[in-house]
Amino acid sequence: MYVRSFADGDGDGTGDLAGVRSRLPYLAELGVDALWFNPWYLSPMKDGGYDVADYRAIDPAFGTLAEAEKLIAEARETGIRTIVDIVPNHVSDQHPWFRAALAGGPERELFHFRPGSGPGGELPPNDWTSQFGGPAWTRLPDGDWYLHLFAPEQPDLNWAHPAVRQEHEDILRFWFERGVAGVRIDSAALLVKDPRLPDFVEGRDPHPYVDRDELHEVYRSWRRVADEYGGVFVGEVWLPDTERFTRYLRPDELHTAFNFSFLSCPWEARRLRRSIDDTLAEHAPVGAPATWVLCNHDVTRTVTRYGREDTGFDFATKAFGTPTDLALGTRRARAAALLSLALPGAVYVYQGEELGLPEADIPPYRIQDPMYFRSGGTDPGRDGCRVPLPWRADAPHAGFGGEPWLPQPAYWPAYAADLQAADPGSMLGLYREAIRLRPVFGDGPLTWLPTPEGVLAFTRAGGASCVVNLADTPVELPASSPPLLASGPLDERGRLPKDTAVWLRA
Ligand code: GLC
């Protein structure tokens with residue numbers, strides 16, 4: 001949940017905890033059983049809260065710690081658990097540690113400060129680039145450079161220092177003690193750096209900062225903390241190597257991790273099936289449940305992505321002005337919702353996905369995301385999926401609250417939750433119904449059923465089955481299994497049309 005854009009309780013244009021609390025009944029009705037909150041801590045918001053200045057304080061724009069505690073308790077009473085987001089790779093440059101480091105204190109050891117290279121140290125210590133573009137180093141007036149894998153306002157912590165480890169375990173305890181059930185770990189595979197900070201060499205193993213073996217000791221230690229409280233982890237682990245990915249999910253490490261292979265997968269039957277099979281095969285040996293994610297606060301919204309020629313997701317290919325067929329994308333997103341909700345494991349729905357919101361075009365002068373600026377304005381950045389939600393079609397700012405911090409497109413009210421709540425055929429209607437019916441699949445594994453090329457069909461222990469047609473021709477459905485829920489109308493002969501999914505009763 002991107003609090004800043006969910007619901008604005010105090011009318012200042014920024015979403016807040018009061019807004020979330022007022023919408024708990026909506027979330028309960030949708031059927032969610034846990035809420036992952038993007039960082040809600042004190043932050044200068046140079047990267048939407050992923051630049052944390054104090055983990056033990058809520059940003060005043062969102063509310064207070066007492067209110068967060070209330071929210072956690074109220075959600076729990078509604079049957080909804082809370083997952084907080086911890087960002088261990090870096091802090092804000094306004095964090096007391098970094099300020100003390102800049103003042104020349106021993107806190108420098110908690111970060112990666114180095115003299116520059118080249119004559120007079122004018123060049124960065126090595127050739128690493130920031131994930132947001134540009135060099136990963138910034139020079140200080142005293143001549144030293146510091147490392148930041150993201151924006152310069154997000155200095156990287158030195159995970160070789162025991163105080164960094166201790167502090168994060170204390171932060172975990174702080175939030176578990178306040179009743180949170182889980183922790184999402186930001187950039188989970190980037191924390192540990194090769195102490196020599198060597199130049200990056202393509203293909204050199206191990207990588208100087210991605211997926212280093214030392215990380216597993218960090219997470220084993222976190223796991224011991226979580227186990228004291230019965231807490232669970234979900235790691236943000238983007239790794240192409242599935243064997244390396246699964247190492248994070250061993251029984252004494254993280255409980256789950258986000259499935260970016262599925263999120264990035266194009267809308268093609270064969271590739272989706274491979275992604276599903278690989279995911280299940282990877283998770284089986286470590287006994288971890290799979291996760292299914294179609295979008296989040298970093299990526300292009302699903303209805304937009306599926307309405308484009310390239311239906312996969314890749315940060316590298318994001319551009320302004322990509323032609324999009326939203327009707328097509330929406331049809332596919334509806335089918336994808338039924339597909340993912342039928343799979344074994346946990347499904348994450350990103351706020352507004354249940355409303356079928358498209359990626360919004362943000363006028364460049366209103367963009368706030370550092371990805372846009374650091375790409376020199378070529379990458380539109382991630383604000384298009386972070387636009388404040390439409391709640392009421394007939395209210396100012398579509399019922400979000402005050403004048404939204406990011407502009408809402410003129411068509412936003414047509415997607416408002418109140419309109420959709422009254423229409424069972426809407427995206428919201430589909431999500432509610434699917435989440436309600438989902439137990440018909442049971443908890444067991446998945447068995448693929450024979451199908452023509454371009455069609456995915458599987459059944460689960462609960463007896464229900466799911467059929468998704470990605471082929472050009474309509475597909476016959478077995479007469480013996482009545483449809484429970486479909487993502488779109490069947491054709492006049494009761495067949496499943498292209499880009500449509502159906503759940504069938506046993
Ligand atoms: C993760 C977050 C993203 C953030 C980055 C740096 O990828 O999901 O929003 O910008 O880490 O913290």
Side-chain angles (χ1 to χ4, degrees), residues 1-6 15 36-53 55 59 83-95 98 111 128-134 136 138 147-157 159 164 168 171 182-193 209-211 215 233-240 245 248 254 256-260 263-264 291 293-301 313-316 318 348 350-353 359 367-375 379-387 406:
M1 164 168 294
Y2 206 72
V3 176
R4 206 179 180 189
S5 299
F6 187 71
W36 152 34
F37 289 91
N38 295 105
W40 55 12
Y41 323 103
L42 183 72
S43 165
M45 300 286 161
K46 297 294 181 198
D47 181 23
Y50 283 92
D51 47 322
V52 179
Y55 272 106
D59 196 90
I83 300 175
V84 293
D85 205 325
I86 300 288
V87 191
N89 182 68
H90 44 267
V91 289
S92 159
D93 62 351
Q94 299 306 309
H95 189 284
F98 195 70
F111 298 90
W128 299 0
T129 52
S130 149
Q131 310 266 323
F132 291 160
T138 289
L147 175 71
H148 51 86
L149 289 184
F150 294 89
E153 296 86 357
Q154 294 167 296
D156 276 43
L157 288 167
W159 273 86
V164 170
H168 282 82
I171 293 167
V183 172
R184 181 255 189 193
I185 308 169
D186 185 74
S187 305
L190 304 182
L191 280 44
V192 176
K193 278 71 183 181
Y209 59 83
V210 178
D211 183 34
L215 272 169
F233 292 120
V234 53
E236 188 203 18
V237 183
W238 294 80
L239 285 184
F245 171 85
Y248 292 84
L254 309 184
T256 58
F258 287 122
N259 186 350
F260 291 109
L263 180 149
S264 314
T291 66
V293 190
L294 293 171
C295 73
N296 66 22
H297 66 290
D298 289 329
V299 309
T300 310
R301 280 200 178 272
F313 177 78
D314 186 350
F315 281 109
K318 288 187 74 181
Y348 283 78
Y350 172 54
Q351 66 187 48
E353 192 178 355
E359 183 85 0
I367 295 180
Q368 300 201 14
D369 183 15
M371 258 189 166
Y372 166 72
F373 297 102
R374 297 197 45 99
S375 71
D379 181 330
R382 301 163 294 179
D383 288 349
C385 67
R386 298 173 175 180
V387 175
L406 276 177

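In listed order, ligands and their atoms are each counted from 1. Note: hydrogens, waters and symmetry copies are ignored here, and every other heavy atom, side chains too, is used.
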Results of side chain to side chain contact (heavy atoms under 4.5 Å, CB included) for Val210 - residues two or more places apart only: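 Val210: side chain to side chain contact (heavy atoms under 4.5 Å, CB included) contacts with Leu190, His207, Leu239.
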
Nearest-contact summary for [atom] - protein heavy atom, Å:
{"atom": "atom 5 (C) of ligand 1", "result": "Phe150 CE2, 3.7 Å"}
{"atom": "atom 7 (O) of ligand 1", "result": "Glu236 OE2, 2.8 Å"}
{"atom": "atom 11 (O) of ligand 1", "result": "Asp186 OD1, 2.8 Å"}
{"atom": "atom 10 (O) of ligand 1", "result": "Asp47 OD2, 2.6 Å"}

Heavy atoms only, cut-off 4.0 Å: how does [X] contact ligand 1, side chain, backbone, both, or neither?
{"X": "Phe258", "answer": "neither"}
{"X": "Arg386", "answer": "side chain"}
{"X": "Gln131", "answer": "neither"}

Taking Lys193 for its side chain and Leu191 for its backbone only, find out whether a donor-acceptor pair lies under 3.5 Å.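 Checked: pair present.
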
Checking side-chain polar atoms at under 3.5 Å, does Tyr2 have a donor or acceptor matched by the opposite partner on Asn296?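 Judged by distance alone, the side chains do not pair up.
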
Go through the side-chain N and O atoms of Asn38 and Tyr50 and say whether any donor and acceptor fall under 3.5 Å apart.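 Side chains of Asn38 and Tyr50: pair found under 3.5 Å.
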
Identify the residue among Asn89, Asp93, Asp47 that makes a side-chain hydrogen bond (donor to acceptor under 3.5 Å, both in side chains) with Gln154.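 It is Asp47, the one option of Asn89, Asp93, Asp47 that forms the side-chain hydrogen bond (donor to acceptor under 3.5 Å, both in side chains) with Gln154.
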
Please list, in number order, the atoms of ligand 1 under 4.0 Å from a heavy atom of [X].
{"X": "His90", "value": "6 (C), 12 (O)"}
{"X": "His297", "value": "2 (C), 3 (C), 8 (O), 9 (O)"}
{"X": "Arg184", "value": "2 (C), 8 (O)"}
{"X": "Ser187", "value": "1 (C), 11 (O)"}
{"X": "Arg382", "value": "3 (C), 4 (C), 9 (O), 10 (O)"}

Side chain proximity check, Tyr350 to Leu294, heavy atoms < 4.5 angstrom: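 No. Closest side-chain heavy atoms not under 4.5 Å.
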
Under 4.5 Å between any side-chain heavy atoms of Ser43 and Val52, yes or no?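 When only atoms from C-beta onward are counted, Val52 and Ser43 do not touch, as no gap falls below 4.5 Å.
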
Nearest option to atom 8 (O) of ligand 1, as decided by whichever heavy atom of Asp51, Val299, Asp298 sits closest: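 The residue whose heavy atom sits nearest atom 8 (O) of ligand 1 is Asp298.
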
With sequence neighbours excluded, residues passing salt bridge (charged side-chain N to carboxylate O under 4.0 Å, His left out) with Asp298: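 By the salt bridge (charged side-chain N to carboxylate O under 4.0 Å, His left out) rule, Asp298 matches Arg382, Arg386.
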
Judged by non-hydrogen atoms, does Met371 sit under 4.0 Å from ligand 1?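 In this structure, Met371 fails to qualify as a contact of ligand 1 - no heavy atom is under 4.0 Å.
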
For the student: nearest non-hydrogen atoms of Gln351 and Arg301, plus distance: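 Of all heavy-atom pairs spanning Gln351 and Arg301, the closest is O-NH2, 2.7 Å.
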
